[in-house]
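Below: one structure, written as structure tokens.
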Amino acid sequence: MVFVVHSFRTSQRFSPFSKPVPIFIGGLMCSTFQDIRKSFASLRVENKQRHREIASFLNVTEVELIDSHVGVTKLESIKSFPNLARAIRLKPSWSNIIQDIQGFGEVMSLTRNAHAVHENLSFYKHASSSDDVGMLLSDELTARLMYEKWEFGYLFEECKSHVLQRSIQFFDEFGVPVHKIFLLPHSHHWYFDELAKRWADSNQEPGILVQEKLEPDQQTNTGALTSIIKERHTDQKEIVDAEVAQSLLLSSKELKLPLIITVQSNGAKQSHDGVLDEIRYHNDWLHLTNQQFNCHLQLNRMPKICINHQESPFLIEMSDDEDFLLASITLSTKASPGDTEAWEGLLEQVKGRELSLLE
């Protein structure tokens with residue numbers, strides 16, 4: 001039996017130092033945080049739903065879903081097995097925390113948006129230190145972390161299929177995930193408690209202040225200069241449909257072309273440099289994989305897919321209605337002259353088809 005509760009969103013949010021606010025459901029007084037925890041356990045364990053799906057169903061943000069588990073002790077979580085879930089709120093020392101991720105050894109980095117997911121096995125050995133922007137550089141992974149967009153961070157552990165899954169999750173001011181790091185079976189799990197000792201926030205009571213996101217027409221205008229630049233490059237971009245984009249990727253795989261595949265969130269840009277081993281379409285998503293990397297693209301739902309002939313080498317760009325770059329694919333800088341010729345030949349072939357120019 002699945003226990004669920006609908007949390008009705010209002011314009012008011014819990015402050016970081018507030019106590020749980022009682023609500024009435026079916027005539028019974030309940031604690032918001034306790035109800036969210038129970039709903040999370042049921043939907044996660046019994047229905048196998050993802051965090052994003054559970055948050056949407058309960059009408060809360062993902063950060064509120066995670067934050068509701070703050071304050072759960074290790075003993076309480078063990079007693080609730082297999083519904084174990086607890087969170088530790090972190091201090092906003094993002095660059096230092098990212099530097100310390102190297103203590104886990106190899107982990108899985110995840111950056112996503114509504115229509116693209118980027119997962120990469122990586123070591124955080126080469127993380128640069130900056131209060132505003134961080135960089136991760138390795139042979140297969142490059143990540144740009146915009147710390148000024150990060151608002152909340154947590155250590156999170158839960159029981160998933162009777163296996164303890166540990167992660168470090170970061171969110172923006174609107175409660176949207178910007179970057180997540182998942183421990184692998186061979187990661188240094190003992191370091192989880194060590195990181196908690198170093199960076200746990202002094203306030204471990206559930207309840208945070210999440211900003212309401214404005215609708216696109218309420219947001220600030222992009223500005224005259226941005227508009228001029230966009231107009232200048234309009235004739236260099238050709239709109240293509242999802243089938244054309246998928247065909248280009250399949251051809252590049254057959255030619256074993258090294259590609260840089262990038263996915264961007266509001267606070268992180270994550271790129272993989274390598275050759276694809278497999279491309280398959282399943283459940284409305286195109287899955288691109290090799291041994292170190294998974295990328296999932298919901299091409300049919302992306303508002304704009306185009307080939308940018310302004311860049312060299314040519315670039316496949318995928319954007320939302322507000323021209324936010326969701327994902328991009330281009331040739332690796334390590335490519336040979338023959339690879340470059342083959343890649344640009346593929347994208348030049350598209351010019352021969354009937355394509356619409358961006359408006």
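Throughout, numbering of the chain's residues begins at 1 and tracks the sequence.
- Taking the six-membered ring for Trp, H118 and F293 have ring centres closer than 6.0 Å.
- For Q99 (side chain) and A127 (main-chain N/O), a donor-acceptor pair under 3.5 Å exists by modelled atom type.
- Distance check: H115 NE2 to I305 CD1 gives 10.5 Å after rounding to the nearest 0.5 Å.
- For Y281 and H287, the ring centers sit 6.0 Å or farther from each other.
- Crowding of K334 atom NZ: a count of heavy atoms from other residues, nucleotides or ligands under 6.0 Å exceeding 12.
- In this structure, SG on C306 lies 9.0 Å from CD on E238, to the nearest 0.5 angstrom.
- Here the closest non-hydrogen pair linking A55 and L65 is N-CD2, 4.1 Å.
- Between F170 and I168, the shortest heavy-atom contact is CZ-CG2, 3.4 Å.
- Side-chain atoms of S328 do not come within 3.5 Å of backbone N or O of I316 as any donor-acceptor pair.
- T340 and A335 get closest at one heavy-atom pair: OG1-CB, 4.3 Å.
- Looking at Y124 and S138, their side chains never bring a donor and an acceptor atom within 3.5 Å of each other.
- The only member of H189, H69, K74, R86 that meets side chain to side chain donor-acceptor pair (under 3.5 Å) when paired with E157 is R86.
- A donor-acceptor contact shorter than 3.5 Å is absent between the side chain of S247 and the backbone of E243.
- Taking the charged nitrogens against the carboxylate oxygens, R89 and D67 do have a contact shorter than 4.0 Å, which makes a salt bridge.
- Taking SG from C295 and CZ from R112, the interatomic distance works out to 11.0 Å, rounded to the nearest 0.5 Å.
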| query | Going through the checks in order, is the side chain to side chain contact (heavy atoms under 4.5 Å, CB included) test met by L183 and H188? | reply | CA-CA 8 Å; L183 272 62; H188 303 156; over 6 Å; no

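- In the hydrophobic cluster analysis, where Ile, Leu, Val, Met, Phe, Trp and Tyr join through side-chain heavy atoms closer than 4.5 angstrom, I208 is grouped together with L58.
- Summarising the geometry of S312 relative to E344, their closest heavy-atom pair is OG-OE2, 4.1 Å, with the distance given to 0.1 Å.
- Note: L121 CG to E106 CD = 5.0 Å, rounded to the nearest 0.5 Å.
- Residues I261 and L276 meet the side-chain proximity criterion, which asks for heavy atoms closer than 4.5 Å.
- Side-chain atoms of D284 and Q298 form a donor-acceptor pair, as typed in the model, at a separation below 3.5 Å.
- Ring to ring, F40 and H51 are close: their centroids are under 6.0 angstrom apart.
- A donor-acceptor pair is defined here as one N or O able to donate and one able to accept, closer than 3.5 Å; no such pair exists between the side chain of R144 and the backbone of A268.
- Residues I88 and V70 form no side-chain contact, since every pair of their non-hydrogen atoms from C-beta on lies 4.5 Å or further apart.
- Looking only at atom types and distance, the side chain of T111 has no donor-acceptor partner in the side chain of S265 under 3.5 Å away.
- Within a 6.0 Å sphere centred on NZ of K197, other residues, nucleotides and ligands contribute 12 heavy atoms or fewer.
- Among all heavy-atom pairs drawn from T333 and I260, the shortest one is N-CD1, 4.1 Å.
- Between W343 and F314, the ring centre distance reaches or exceeds 6.0 Å.
- Under the 4.5 Å side-chain heavy-atom criterion for ILVMFWY residues, no single connected hydrophobic cluster contains both V263 and M302.
- The heavy-atom pair separating N290 from H272 by the smallest distance is ND2-NE2, 3.0 Å.
- Within a 6.0 Å sphere centred on NE2 of H186, heavy atoms belonging to other residues, nucleotides or ligands number more than 12.
- Applying ring pair (Phe, Tyr, Trp, His ring centres under 6.0 Å) to W150 and the options Y147, F152, Y154 leaves one that passes, Y147.
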| query | Does the pair Q165 and F182 meet the rule for a side chain to side chain contact (heavy atoms under 4.5 Å, CB included), with working shown? | reply | CA-CA 8 Å; Q165 184 183 77; F182 290 86; 3.8 Å; yes

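- Hydrophobic clustering (side-chain heavy atoms under 4.5 Å, transitive across Ile, Leu, Val, Met, Phe, Trp, Tyr) groups V244 together with L250.
- Salt-bridge formation is not detected for the pair R44/E53: no Lys NZ or Arg NE/NH1/NH2 atom is positioned less than 4.0 Å from an Asp or Glu carboxylate oxygen.
- With contacts defined as side-chain heavy-atom distances shorter than 4.5 Å, the pair I329/L315 does not qualify.
- Between the side chain of S39 and the backbone N or O of D35, at least one donor-acceptor pair lies under 3.5 Å.
- One side chain, E64 or T61, offers a donor N or O that lies under 3.5 Å from an acceptor on the other.
- With no hydrogens or angles considered, no side-chain donor-acceptor pair links N294 and T289 at under 3.5 Å.
- A donor-acceptor contact shorter than 3.5 Å links the side chain of D201 to the backbone of N203.
- Residue E278 places its CD atom among more than 12 non-hydrogen atoms of other residues, nucleotides or ligands, all under 6.0 Å distant.
- We find the CD-CG distance between E119 and L141 to be 12.5 Å, quoted to the nearest 0.5 Å.
- F104 places none of its side-chain heavy atoms less than 4.5 Å from the side chain of F123.
- With hydrogens and angles left out, the side-chain atoms of H309 and E348 include no donor and acceptor closer than 3.5 Å.
- Cluster membership check: M318 shares its hydrophobic cluster with L347, using side-chain heavy-atom separations under 4.5 Å among Ile, Leu, Val, Met, Phe, Trp and Tyr.
- Side-chain polar atoms of W199 and D100 form a donor-acceptor pair below 3.5 angstrom.
- Residues V178 and V60 do not share a hydrophobic cluster, clusters being chains of Ile/Leu/Val/Met/Phe/Trp/Tyr side chains in contact below 4.5 Å.
- Rounding to the nearest 0.5 angstrom, the gap separating the OG atom in S109 from the CD atom in Q270 is 5.0 Å.
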